[in-house]
Amino acid sequence: MKTKKDPVVAIDGPAGCGKSLISGKLATDFHFVKIDTGALFRAVALFLSEHFNDLETSLKSVDAFQLQKLLSNLQFHYKTNPVTVSLNGKEYGPEHLREHRVSELASIVSANPEVRKIIEKWQRNIVESGKDIYVVEGRDIGTVVFPNAQAKIFLTASPEVRAQRRFVQLQQNGKLGELTEKKILEDIKKRDTRDSSREIAPLMKADDAFELDTSDLSIEEVLDTIKQILTKQGLINA
Ligand code: DC
């Protein structure tokens, strides 16, 4: 029997590989709804950092049942354009979610099983309660959250290229502050190690995902390749 496919284009890959830009363009060009799953981890990280002082240490010692209770009672709402996550009525928009320090916090909370469980449920709820095609970007979309996604893309790029892209992006948004490209590269490597080596849902390519190294490709070249894949899957017309 054939398994029913989820109406999802899964875009996975490490920080700075171009997931966000590419999924945004696909959403605009083909009227897909974009789900930025990193934003969900970022919002939960901000929420939990308001509850716990030293997040990394606290998450190691917190009682799993208490944490599960705290998270499952959260009223969650996701809005796209601009990406805004609301938790118990408190809105976290791009100005909060995209801060550099929040990247580190999100990577820390994303290794916690209770956090992953609730966010996995939220992601499924968004797709199951809608009638759209979703472009979902993250780390474990093709492997864990939507293993039956209609199309799976795994983007990569060298750490140096990714650090340089992040540097330019932060500079353009006036968010660079004291950060240097060297520090961004160090943080990216640290995050890669943490995201790929965690026990649950580590960053990895699904067996049936199409892998694309974007280091030497322009956005247009990446988009063209993905459009060919989506056309073959019958998701868009050539
Ligand atoms: O994509 P991003 O930089 O906004 O993600 C922030 C962190 O959240 C990242 O370090 C890993 C984690 N994350 C995850 O574990 N799984 C996802 N599906 C998305 C993000």
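Counting starts at 1 for both ligands and their atoms, in listed order. Owing to the predicted nature of the structure, the values given are computational and were not obtained by experimental measurement.
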- Query: Is Asp6 reaching over with its side chain to a backbone N or O of Val8, donor-acceptor style, under 3.5 angstrom?
  - Reply: no
- Please, which pairs that meet salt bridge (charged side-chain N to carboxylate O under 4.0 Å, His left out) have at least one residue in residues 16-28, sequence neighbours excluded? none
- How are the rings of Tyr78 and Phe76 set to each other: parallel, tilted or perpendicular (split at 30° and 60°)? parallel
- Does Lys183 come within less than 4.0 Å of Glu178, counting only side-chain N to carboxylate O? no
- Message: Checking side-chain polar atoms at under 3.5 Å, does Ser107 have a donor or acceptor matched by the opposite partner on Arg194?
- Response: yes
- Item | Exam field: side chain Ser215 to backbone Ser158, donor-acceptor pair closer than 3.5 Å | yes
Nitrogen or oxygen contacts under 3.5 Å, ligand 1 side and protein side:
{"from": "ligand 1", "atom 1": "1 (O)", "to": "Arg139", "atom 2": "NH1", "distance (Å)": "2.9"}
{"from": "ligand 1", "atom 1": "1 (O)", "to": "Arg139", "atom 2": "NH2", "distance (Å)": "3.4"}
{"from": "ligand 1", "atom 1": "3 (O)", "to": "Arg42", "atom 2": "NH2", "distance (Å)": "3.0"}
{"from": "ligand 1", "atom 1": "3 (O)", "to": "Arg139", "atom 2": "NH2", "distance (Å)": "3.4"}
{"from": "ligand 1", "atom 1": "3 (O)", "to": "Arg191", "atom 2": "NH1", "distance (Å)": "3.2"}
{"from": "ligand 1", "atom 1": "4 (O)", "to": "Arg42", "atom 2": "NE", "distance (Å)": "2.7"}
{"from": "ligand 1", "atom 1": "4 (O)", "to": "Arg42", "atom 2": "NH2", "distance (Å)": "3.3"}
{"from": "ligand 1", "atom 1": "4 (O)", "to": "Arg98", "atom 2": "NH2", "distance (Å)": "3.3"}
{"from": "ligand 1", "atom 1": "10 (O)", "to": "Arg191", "atom 2": "NH1", "distance (Å)": "2.8"}
{"from": "ligand 1", "atom 1": "10 (O)", "to": "Asp195", "atom 2": "OD1", "distance (Å)": "3.4"}
{"from": "ligand 1", "atom 1": "10 (O)", "to": "Asp195", "atom 2": "OD2", "distance (Å)": "2.9"}
{"from": "ligand 1", "atom 1": "15 (O)", "to": "Arg116", "atom 2": "NH1", "distance (Å)": "2.9"}
{"from": "ligand 1", "atom 1": "15 (O)", "to": "Arg116", "atom 2": "NH2", "distance (Å)": "3.4"}
{"from": "ligand 1", "atom 1": "15 (O)", "to": "Arg198", "atom 2": "NH1", "distance (Å)": "2.9"}
{"from": "ligand 1", "atom 1": "15 (O)", "to": "Arg198", "atom 2": "NH2", "distance (Å)": "2.9"}
{"from": "ligand 1", "atom 1": "16 (N)", "to": "Arg116", "atom 2": "NH2", "distance (Å)": "3.1"}
{"from": "ligand 1", "atom 1": "18 (N)", "to": "Thr37", "atom 2": "OG1", "distance (Å)": "3.0"}
{"from": "ligand 1", "atom 1": "18 (N)", "to": "Arg139", "atom 2": "N", "distance (Å)": "3.1"}
{"from": "ligand 1", "atom 1": "18 (N)", "to": "Asp140", "atom 2": "OD1", "distance (Å)": "3.1"}

